[in-house]
Amino acid sequence: MPSIGSEPVDQVVGFSNLPNQYHRKSVKKGFEFTLMVVGESGLGKSTLISSLFRKEELGQNQTPPVAKKIPETVQIQTKSVLIEEKSVKLRLTVVDTPGFGDMLDNTDCYKAISKYIDERFEQYLRDESGLNRRNITDTRVHCCFYFINPSCHGLRPLDVEFMKNLCNKVNIVPVIAKSDTLTKSEVATMKRQLLQEIEEHHIRIYSIPDAESDEDEEYITQNKELQSSMPFAVVGSTVEVESRGRMVRGRKYPWGVVELDNPDHCDFRKLQAMIITHMQDMQEVTHDVHYESFRAKKLSQPNNDPLYQSSCRGRHVEKHKGTVLDTGEGTILSKYLFRFSQDEKKLAEKDKMLVEKENELKRMQEKLAKMQQEVEDAKKSTSSLASVGSGSNSSSVLVPAPPSSAPPPIPNTKPMGSGYSSSINYTSSFNRTGLVGGTTSSAMGKTVPK
């Protein structure tokens, strides 16, 4: 009967092989890890990295001329190398920071490093919001080795300022450089002093997680030993020297040989074990804690912020220059997005013109309504005046003049009495109104043809 592992087919489902599928997929894809080293010049940063991963090309730095040895600003240099061991591939990127702590005024020398870390987070956020999400290259800084000068016997203000400002952005691992210049008692004293000052200044360094209860005893013991060795006192060397009849990696002095792989001489093996066994945990902390904090901060910004627009649309359309920064999805899509933004501007202008025209039409309608109201008022006043005039004329026509034997009135050639003249004047003014059609009335009540 065919079987899966050591159990018959009819007694197992088969999902116990799921870790094997993930293992094959991970091995085929490979792993990525970015390590940053920060410290003064001359503390052996490049030598230690070359010793940890056995890659001398990571520590090959060209010696600059004397005129260029005094840096003006902190520089950022990156080196990538592909390491393969038993069919497992690791893309290791080392970020060096030459010039840190070498200037007369080191007040803001950490800002260039902090800016670089934020830029890596921002790049990952844009890639994650773009179209090609399956092949994202993770360039975020997963771990930072901070080298402490052994001659200081504690943290300097520069060390405190750097770790306080970057402990919320990257996993910081403090390292005592060139520990072979100290005795064992001095190393133990310096470790206690550093941990005490780190706690006093509320600095969060990388904390090695506790081992699970179901792990084997050897791993649990090793994990506890790594936790108690923080910060690590290390020595770096890429050459082999003879010690007690065998070739070892280390440094040879007149008083003896310092072996890198000897736990009694330094913590080199412990640091190497920590970076290998907890590499996945550092990546998870970077993604779940530091990156999520950065992402929440950026997405909480207003919509008109350029960083927010670039994270949401995968593009950053500069408002002042009108250019499009392509992030790798293709020039066709970038042109389409640019045209889309131009169309949005045109539509906004058209909407503005329509609103202005509507307001103008509304004002004209109000003005027309006002004019119509004035015409109606004029008509009403005219009709009221006509009704008054018609009433006066009808009373003079209907009332007949009494018969009289008196002679006809004398024409208005001479002055008469005040009452008669006032009647004639009223008649004359009444004739000018034109309200009595075809006839006029005299003061005596008679109707005279016009």
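Bear in mind the structure is a predicted one, so any value in this text is a computation, not a measurement. Below, all heavy atoms of this structure are taken into account, side chains as well, without hydrogens, waters or symmetry copies.
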Handout entry: Side-chain heavy-atom pair Ile198, Ile205 within 4.5 angstrom cut-off
Key = yes
Problem - Pair Gln123, Asp127: side-chain N/O donor-acceptor within cut-off below 3.5 Å - result: yes
Handout entry: Cationic N near anionic O, under 4.0 Å, Asp96 to Lys79
Key = no
Exercise for the section: Say whether, by atom type as modelled, one donor and one acceptor occur between the side chain of His201 and the main chain of Glu197 under 3.5 angstrom. Expected result: yes
Problem - Glu122 with Arg126: basic N within carboxylate O range, under 4.0 Å - result: yes
Exercise for the section: Ignoring hydrogens and angles, state whether a donor on the side chain of His265 or Asp180 is under 3.5 Å from an acceptor on the partner side chain. Expected result: no
Practice task
Indicate yes or no: at least one non-hydrogen side-chain atom of Lys367 is less than 4.5 angstrom from one of Lys370.
Solution key: no
Exercise for the section: Give, for atom CD of Gln272 and atom OG1 of Thr277, the distance between the pair rounded to the nearest 0.5 Å. Expected result: 10.5 Å
Handout entry: Side chain to side chain, Asp210 and Lys224, heavy atoms closer than 4.5 Å
Key = no
Practice task
Ignoring hydrogens and angles, state whether a donor on the side chain of Ser80 or Thr93 is under 3.5 Å from an acceptor on the partner side chain.
Solution key: yes
Problem - Min side-chain heavy-atom separation Val160-Phe162 under 4.5 Å - result: no
Problem - Neighbour count >12 (heavy atoms, 6.0 Å) for atom CE, Met247 - result: yes
Practice task
Kindly say whether Ser51 contributes a backbone atom to a donor-acceptor pair with the side chain of Arg249 at under 3.5 angstrom?
Solution key: yes
Practice task
Using the six-membered ring wherever Trp is involved, compare the ring planes of Tyr253 and Trp255 and label them parallel, tilted or perpendicular (cut-offs 30° and 60°).
Solution key: parallel
Problem - Min side-chain heavy-atom separation Phe121-Arg140 under 4.5 Å - result: yes
Practice task
Could you pull out all residues at least two apart from His287 that satisfy ring-ring contact (aromatic ring centres under 6.0 Å, His included)?
Solution key: Tyr291
Handout entry: Backbone N/O of Pro209 and side chain of Asn223: donor-acceptor pair under 3.5 Å
Key = yes
Exercise for the section: Would you mind reporting whether Met282 and Cys143 have side-chain heavy atoms less than 4.5 Å apart? Expected result: yes
Problem - Partner set under side-chain hydrogen bond (donor to acceptor under 3.5 Å, both in side chains) for Ser41, not counting sequence neighbours - result: Asp102
Problem - Side chain proximity check, Val234 to Lys270, heavy atoms < 4.5 angstrom - result: no
Practice task
Establish, from distance only, whether the side-chain atoms of Asp159 and Tyr146 form a donor-acceptor pair under 3.5 Å.
Solution key: yes
Exercise for the section: For the pair Arg244 and Glu259, find out whether any cationic side-chain nitrogen is under 4.0 Å from an anionic carboxylate oxygen. Expected result: yes
Problem - Heavy atoms from other residues, nucleotides or ligands near CD of Glu199 exceed 12 (cutoff 6.0 Å) - result: no
Exercise for the section: Answer with yes or no whether the side chains of Asn165 and Ser114 bring together a donor and an acceptor at under 3.5 Å. Expected result: no
Exercise for the section: Report yes if some heavy atom in the side chain of Val37 is under 4.5 Å from a heavy atom in the side chain of Thr97; otherwise report no. Expected result: no
Exercise for the section: Run the salt-bridge test on Asp118 and Lys115 with the 4.0 Å N-O cut-off and return the result as yes or no. Expected result: no
Practice task
Could you grab the distance from atom CG of Leu271 to atom CZ of Phe145, nearest 0.5 Å is fine?
Solution key: 4.0 Å
Practice task
Tell me, yes or no, whether the heavy-atom count around Glu84 atom CD, taken from other residues, nucleotides or ligands under 6.0 Å, exceeds 12.
Solution key: yes
